[in-house]
Amino acid sequence: MKQALVDDTEDVSLDFGNEEELAFRKAKIRHPLATFFHLFFRVSAIVTYVCCDWFGKSFVGCFVTVLLLLSLDFWSVKNVTGRLLVGLRWWNQIDEDGKSHWIFEARKVSPNNIAATEAEARIFWLGLIICPMIWVVFFFGTLFSLKLKWLALVVAGISLQVANLYGYILCKMGGNSDISKVTASFLSQTVFQTACPSDFQKPGLEGLEIHQH
């Protein structure tokens with residue numbers, strides 16, 4: 001009887017890799033410092049601009065402070081937080097002929113290098129999208145209120161933040177040159193993902209992909 005039980009029993013290997021990765025992606029913040037600074041500089045620039053516009057007495061001091069915060073935000077998002085929070089990186093380089101080339105990288109995912117969590121990705125993309133929209137509102141507010149001395153600063157804010165948004169959208173979509181279709185597709189995907197996070201599963205980044213455009 002004992003021998004029969006042994007013969008009828010088969011070893012079954014259980015693969016918990018997918019469950020572990022899914023649980024990890026639904027976890028909270030893996031990179032709290034990067035997540036904090038992803039929002040800190042851009043939100044600080046907006047708050048400082050509003051406070052300077054209403055209460056500030058030194059235009060030069062306010063201008064330099066906001067511009068410094070915008071520059072720090074541009075550098076940190078482009079070089080640090082995008083790589084840590086969503087596994088993407090982009091840059092633009094000029095070749096010997098003077099032509100501009102966009103370079104896009106996606107982080108390689110392996111058992112020792114798991115993709116970012118859903119919370120981090122959501123914070124990254126929402127911060128990347130919402131803040132440029134706020135600067136666009138500031139632009140029209142500056143025009144309508146005839147506070148033209150702030151116009152250059154607002155344009156700088158729009159330019160720096162839209163540049164990061166443009167670069168990361170192209171990077172996410174693999175360097176597709178049709179930016180209108182790419183942006184519409186990406187924004188609809190982001191809104192749907194935010195509204196129904198449990199019904200939407202983001203694909204992982206598989207392999208190191210480098211695209212030139």
Side-chain angles (χ1 to χ4, degrees), residues 25 30-31 34-35 37-43 45-46 69-110 113-139 154-195 197 200-213:
R25 290 178 62 82
R30 185 189 179 194
H31 303 96
T35 304
F37 281 106
H38 177 70
L39 298 176
F40 174 75
F41 290 124
R42 54 185 48 218
V43 172
I46 292 173
L69 289 170
L70 289 171
S71 301
L72 291 172
D73 169 73
F74 178 81
W75 183 89
S76 63
V77 172
K78 179 178 178 294
N79 296 294
V80 180
T81 63
R83 177 173 54 85
L84 293 177
L85 300 184
V86 291
L88 299 174
R89 186 172 63 171
W90 69 271
W91 70 92
N92 185 276
Q93 66 182 20
I94 308 297
D95 61 15
E96 296 178 354
D97 298 329
K99 295 182 179 179
S100 177
H101 297 278
W102 289 79
I103 312 297
F104 308 102
E105 283 188 357
R107 180 176 55 200
K108 182 178 180 180
V109 173
S110 65
N113 187 18
I114 307 176
T117 65
E118 292 183 1
E120 289 177 335
R122 192 175 298 114
I123 291 172
F124 177 84
W125 289 113
L126 288 178
L128 205 65
I129 293 170
I130 292 175
C131 290
M133 297 172 62
I134 296 176
W135 282 104
V136 171
V137 173
F138 288 162
F139 175 79
V154 173
V155 170
I158 294 174
S159 301
L160 290 173
Q161 300 211 347
V162 168
N164 258 330
L165 178 60
Y166 178 83
Y168 276 112
I169 289 179
L170 287 182
C171 189
K172 179 72 173 178
M173 298 302 177
N176 193 330
S177 60
D178 193 341
I179 188 61
S180 60
K181 292 182 179 179
V182 167
T183 304
S185 174
F186 176 77
L187 291 179
S188 62
Q189 173 181 326
T190 303
V191 171
F192 179 77
Q193 176 186 344
T194 304
F200 189 85
Q201 182 176 359
K202 298 187 293 297
L205 299 173
E206 298 181 355
L208 177 61
E209 298 180 354
I210 301 179
H211 305 276
Q212 286 193 6
H213 173 63

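Keep in mind that the numbers below use all heavy atoms, side chains included, and drop hydrogens, waters and symmetry copies. Residue numbers run from 1 in the order of the sequence given.
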List the atom of Lys78, the atom of Arg89, and the distance in Å for their closest heavy-atom pair.
O-CG, 4.1 Å
Quick one: CZ on Phe40 to CG on Leu72, what's the gap to the nearest 0.5 Å?
9.5 Å
Interatomic distance, CG@Leu85 vs NE2@His38, rounded to 0.5 Å, equals 6.5 Å
Describe, in one word, how the ring planes of Trp125 and Tyr168 are oriented to each other, choosing from parallel (under 30°), tilted (30 to 60°) and perpendicular (over 60°).
perpendicular
Calculate, to the nearest 0.5 Å, the distance between atoms CG and CG belonging to Leu39 and Leu128 respectively.
10.5 Å
Gap between atom CD of Gln161 and atom CZ of Phe74 - 0.5 Å precision:
10.5 Å
Is a donor on one side and an acceptor on the other found under 3.5 Å between the side chain of Arg42 and the backbone of Gly127?
yes
Distance from Asn164 atom CG to Asn79 atom CG, nearest 0.5 Å?
8.5 Å
For Val77 and Phe41, run side chain to side chain contact (heavy atoms under 4.5 Å, CB included): C-alpha distance rounded to whole Å, both residues' side-chain angles, the deciding distance at 0.1 Å, then the answer.
CA-CA 10 Å; Val77 172; Phe41 290 124; over 6 Å; no
So how far is it from Ile169 CD1 to Leu165 CG, rounded to the nearest 0.5 Å?
4.0 Å
Does a side-chain heavy-atom distance below 4.5 Å link Leu170 with Trp90?
no
Give me the atom names and distance for the closest heavy-atom approach of Cys131 to Ile46.
SG-CD1, 4.1 Å
Kindly give the heavy-atom pair with the smallest separation between Glu120 and Arg30, and that separation in Å.
OE2-N, 2.8 Å
Heavy atoms of Leu70 and Gly157 approach each other most closely as CD1-CA, 3.5 Å
Work out which heavy atom in Ala34 is nearest to a heavy atom in Thr81; give both atom names and the distance.
O-CG2, 3.4 Å
